[in-house]
There are 2 protein chains.
Amino acid sequence: MTDPSPSTRDRLLQAGLSLFQEQGFHGTSVAEILTRAKAPKGSLYHHFPDGKSDLARVACRMTSDLMLNIIARAYDPAVDFAEGTARMAEKFARLFERDAHWRACPVQTLLIDGPLDRADGAAMLQTWIDATTVQAERLGQQESDRAARTVWSVLIGSWTLARAQDDPAPLREMTTLLNMPAPTPKEPPR
Amino acid sequence: MTDPSPSTRDRLLQAGLSLFQEQGFHGTSVAEILTRAKAPKGSLYHHFPDGKSDLARVACRMTSDLMLNIIARAYDPAVDFAEGTARMAEKFARLFERDAHWRACPVQTLLIDGPLDRADGAAMLQTWIDATTVQAERLGQQESDRAARTVWSVLIGSWTLARAQDDPAPLREMTTLLNMPAPTPKEPPR
DNA sequence: GCATCTCTGGACCGTTCGGTCAAGTCGTGA
DNA sequence: TCACGACTTGACCGAACGGTCCAGAGATGC
């Protein structure tokens, strides 16, 4: 559990995750995963008895946890919802820049081509929206639910554009795009 | 060309298009396409010599033409950019409701899992953004380019959310979301 | 030393895949 | 009536697929 070098299981997960995001679930073969992970076939079916879809399910859960983590780290130190959202957009932009593998938005991978059925993928996305709603409420955002859905709508769209253009700019533009109908407007009304 | 009943070629295109949008390119087998189109294998390879990817490329072009058509029909009669955008959102919401097949946003199908490489998919998307930019300019929208990109960003995100929730509401909410920094505000100044 | 258990390694399997092909049908013009 | 081109039909193919299986390596406890 506390391995110094990444275990075979971890390498498989990492390889699968990146390939699914690059090529989609059905577009990725087991052989490709094994090659990238430098692992033999038997190991995959030892750690993930149900094979490719099993591995993909675990990878989805990891992604979801990462998302929830990002949400928390973005909004926790913020003083209002707009600031937290800006932080989150920046985090995603960095993520996009850092990892060549981090290409497709996980939401899309899940929903279009994933091993989960549509309902499961949708439920996972809803988890993220809910976490964002809670933060919006905490920070005194009006219509917290709608605000959270808006953030994710724009985030997903911006990510797609970023991927298409191979440039994180759309993610950074999110902040100016969302001149939110916020209770704490940027230009003080008084 | 002016067939009364849909030709085999048309049936193949229609079947392929809907399946690709439902399941992605790699998630759809040739056999499925043939079953839905009620066509034998040879016909497919007669009309589309390069097979599945050939059919998918033609289907992509069809989709792109449809998009450009929708953009034109939405913005042409509009008096300002915001009105045209609202029209377009409504058109997409209707499209989403009408066809059970129209599930995945074509952009995503193209970019994630398509037969086109990323650059080609991106170029197609850029075509739509450009067409929207032209309309924005025509309608006196400030920062027409950024406005057009914003519209598509939000449109793609809303579509994804709509698909996840199996409900066109997010597409309809676009209008309120985009309280655009518009030169022609929504409440008529006169 | 030995039994045991976890994990690795890769040969092997049946199925399904995308694609080919030759035979056949049909409509049309000479 | 016949020849011809456009299109249909489904049997067939090799390759690649996801998955199974078991022999063995390596660590651990006794």
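Residue numbers start from 1 in every chain, and the chains themselves are labelled A, B, ... in the order their sequence lines are given, proteins ahead of strands.
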List, one per line, each side-chain donor-acceptor pair under 3.5 Å for residues 122-136 of chain B, sequence neighbours excluded.
from     : atom 1 : to       : atom 2 : distance (Å)
B:Gln126 : NE2    : B:Asp130 : OD1    : 3.1
B:Thr127 : OG1    : B:Ala123 : O      : 3.0
B:Thr127 : OG1    : B:Met124 : O      : 3.4
B:Trp128 : NE1    : B:Ser64  : OG     : 2.9
B:Trp128 : NE1    : B:Met124 : O      : 3.4
B:Thr132 : OG1    : B:Trp128 : O      : 2.8
B:Thr132 : OG1    : B:Trp152 : NE1    : 2.8
B:Thr133 : OG1    : B:Ile129 : O      : 2.8
B:Gln135 : OE1    : B:Arg138 : NE     : 3.1
B:Gln135 : OE1    : B:Arg138 : NH2    : 3.0
B:Gln135 : NE2    : B:Asp76  : OD1    : 3.2

Contact pattern, 5' to 3', of nucleotides 3-8 of chain C - B, S or - by protein heavy atom under 4.0 Å: ----BB
Heavy-atom protein contacts under 4.0 Å, nucleotides 13-19 of chain C, coded B base, S sugar-phosphate only, - none: ----SBB
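Look at NZ on B:Lys38: it is 17 Å from C1' on D:dG10, rounded to the nearest Å. Remark: P of C:dG9 and CG of A:Leu12 are 11 Å apart, rounded to the nearest angstrom. One interatomic measurement links the two molecules: CD1 of A:Ile33 to P of D:dG18, which rounds to 8 Å at whole-angstrom precision. Here the P atom of nucleotide D:dG18 and the CZ atom of A:Phe48 are 16 Å apart, to the nearest Å.
Considering only residues two or more places apart in sequence or on other chains, B:Asn69 meets the side chain to side chain donor-acceptor pair (under 3.5 Å) condition with B:Arg73.
Of the charged side-chain nitrogens involved, none lies within less than 4.0 Å of a carboxylate oxygen, so that B:Arg36 and B:Glu32 do not count as a salt-bridged pair.
Remark: the backbone N or O of B:Gln23 is not paired with any side-chain donor or acceptor of B:Thr28 at under 3.5 angstrom.
Note on residues 148-170 of chain B: pairs passing salt bridge (Lys or Arg N to Asp or Glu O under 4.0 Å), not counting sequence neighbours, are A:Glu173-B:Arg149, B:Arg103-B:Asp166, B:Asp145-B:Arg149. The side-chain hydrogen bond (donor to acceptor under 3.5 Å, both in side chains) contacts involving residues 45-56 of chain B comprise nothing, where partners must be two or more places apart or lie in separate chains.
Note: A:Thr150 OG1 to A:Leu155 CG = 12.0 Å, rounded to the nearest 0.5 Å.
Ring pair A:Phe96/A:Trp159 is perpendicular by interplanar angle, where above 60° counts as perpendicular and below 30° as parallel.
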